[in-house]
Peer 1: 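First the structure, which I've put down as structure tokens, then a few questions once you've had a look.
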Amino acid sequence: MFSKLGQVMLYVNNQDESLAFWTEVAGFHIVDEVILDGGMRWIEIAPAKDSQTSIILHDKEVVARMSAGVNLGTPSLMFFTDDLDRLYADLSAKHVTVGEIVEMPTGRVFNFADNEKNYFAVMERKV
């Protein structure tokens with residue numbers, strides 16, 4: 001039986017630029033960064049140091065060479081926040097592409113794009 005989602009793999013064209021976006025713009029923290037066998041660079045980031053789920057920034061080209069046939073498309077990620085308006089304003093002020101805030105039955109949500117134009121969603125759940 002599964003107990004939680006631990007890591008999400010995000011395949012990027014430029015790990016340094018993606019790391020800068022996620023840490024400097026989105027406010028994530030580096031959990032771990034190592035070089036694995038075959039020269040694969042493992043960069044693990046999370047929204048907070050004690051997060052249960054993290055994102056691994058993988059070099060798309062290296063993964064394609066090492067694991068032919070792996071789907072390197074962008075995963076669909078839903079982030080959660082306790083203050084949607086503040087996060088929306090913060091990302092907008094940093095010139096991040098953001099969509100409109102939409103009211104859903106489960107809460108308010110908007111999407112945003114990272115430096116490589118991958119889109120993600122953020123939701124503030126109704127209590």
Peer 1: Mind listing the closest non-hydrogen atom pair of Leu87 and Val122 along with its distance?
Peer 2: CD2-CG1, 3.6 Å
Peer 1: Using 0.5 Å steps for rounding, measure from the CD atom of Glu44 to the CD1 atom of Ile56.
Peer 2: 4.0 Å
Peer 1: Indicate if Tyr119 and Ile101 have the same hydrophobic cluster label, given that clusters are the connected sets of ILVMFWY residues with side-chain heavy-atom separations under 4.5 angstrom.
Peer 2: no
Peer 1: Linking I/L/V/M/F/W/Y whenever any side-chain heavy atoms sit under 4.5 Å apart, do Leu91 and Phe80 land together?
Peer 2: no
Peer 1: Show, in sequence, the C-alpha distance, side-chain angles and deciding distance for Val102 and Phe110, and conclude whether the side-chain contact (heavy atoms from CB on, under 4.5 Å) test is met.
Peer 2: CA-CA 6 Å; Val102 178; Phe110 72 89; over 6 Å; no
Peer 1: Can you see which heavy atom on Glu124 is nearest to which on Asp83, and at what distance?
Peer 2: OE2-CA, 3.4 Å
Peer 1: Which pairs, with at least one residue in residues 26-35 and sequence neighbours excluded, count as a side-chain hydrogen bond (donor to acceptor under 3.5 Å, both in side chains)?
Peer 2: Glu33-Arg41
Peer 1: Looking only at heavy atoms, what is the nearest atom pair of Val63 and His58, with distance?
Peer 2: CG2-CB, 3.8 Å
Peer 1: Between side-chain atoms of residues 17-27 and protein atoms elsewhere (two or more places apart, or another chain), which donor-acceptor pairs fall under 3.5 Å?
Peer 2:
| from | atom 1 | to | atom 2 | distance (Å) |
| --- | --- | --- | --- | --- |
| Ser18 | OG | Asn14 | O | 3.2 |
| Thr23 | OG1 | Leu19 | O | 2.7 |

Peer 1: Val31 and Ala46: which non-hydrogen atoms are nearest, and at how many Å?
Peer 2: CG2-CB, 3.7 Å
Peer 1: I'd like to check the side-chain hydrogen bond (donor to acceptor under 3.5 Å, both in side chains) partners of Asn118; sequence neighbours left out, ordered by chain and number.
Peer 2: Thr74, Asp114
Peer 1: Write out all pairs satisfying side-chain hydrogen bond (donor to acceptor under 3.5 Å, both in side chains) with one or both partners inside residues 92-103, taking only residues at least two apart or from two chains.
Peer 2: Asp90-Lys94
Peer 1: Evaluate the side-chain proximity of Phe79 to Met123: yes if any heavy-atom separation is below 4.5 Å, no if none is.
Peer 2: no
Peer 1: Taking side-chain hydrogen bond (donor to acceptor under 3.5 Å, both in side chains) as the test, write out the residues that go with Gln15, two or more places apart.
Peer 2: none
Peer 1: State which residues pass side chain to side chain contact (heavy atoms under 4.5 Å, CB included) with Ala121; sequence neighbours excluded, sorted by chain then number.
Peer 2: Met78, Val109
Peer 1: Contact between Leu77 and Val8 at the side-chain level, heavy atoms closer than 4.5 Å - yes or no?
Peer 2: yes
Peer 1: Under the salt bridge (Lys or Arg N to Asp or Glu O under 4.0 Å) rule, collect the residues that match up with Glu116, sequence neighbours excluded.
Peer 2: none
Peer 1: So do the side chains of Val12 and Leu10 get within less than 4.5 Å of each other, counting heavy atoms only?
Peer 2: yes
Peer 1: Kindly write out the residues that satisfy side chain to side chain contact (heavy atoms under 4.5 Å, CB included) with Ala48, not counting sequence neighbours, or none if the list is empty.
Peer 2: Asp50, Ser51
Peer 1: Would you please name every residue forming a side chain to side chain contact (heavy atoms under 4.5 Å, CB included) with Asp82, sequence neighbours left out?
Peer 2: none
Peer 1: Output all residues satisfying side chain to side chain contact (heavy atoms under 4.5 Å, CB included) with Leu36, sequence neighbours left out; order by chain, then residue number.
Peer 2: Val34, Met40, Trp42
Peer 1: Kindly write out the residues that satisfy side-chain hydrogen bond (donor to acceptor under 3.5 Å, both in side chains) with Thr81, not counting sequence neighbours, or none if the list is empty.
Peer 2: none
Peer 1: Could you pull out all residues at least two apart from Arg65 that satisfy salt bridge (Lys or Arg N to Asp or Glu O under 4.0 Å)?
Peer 2: Glu61
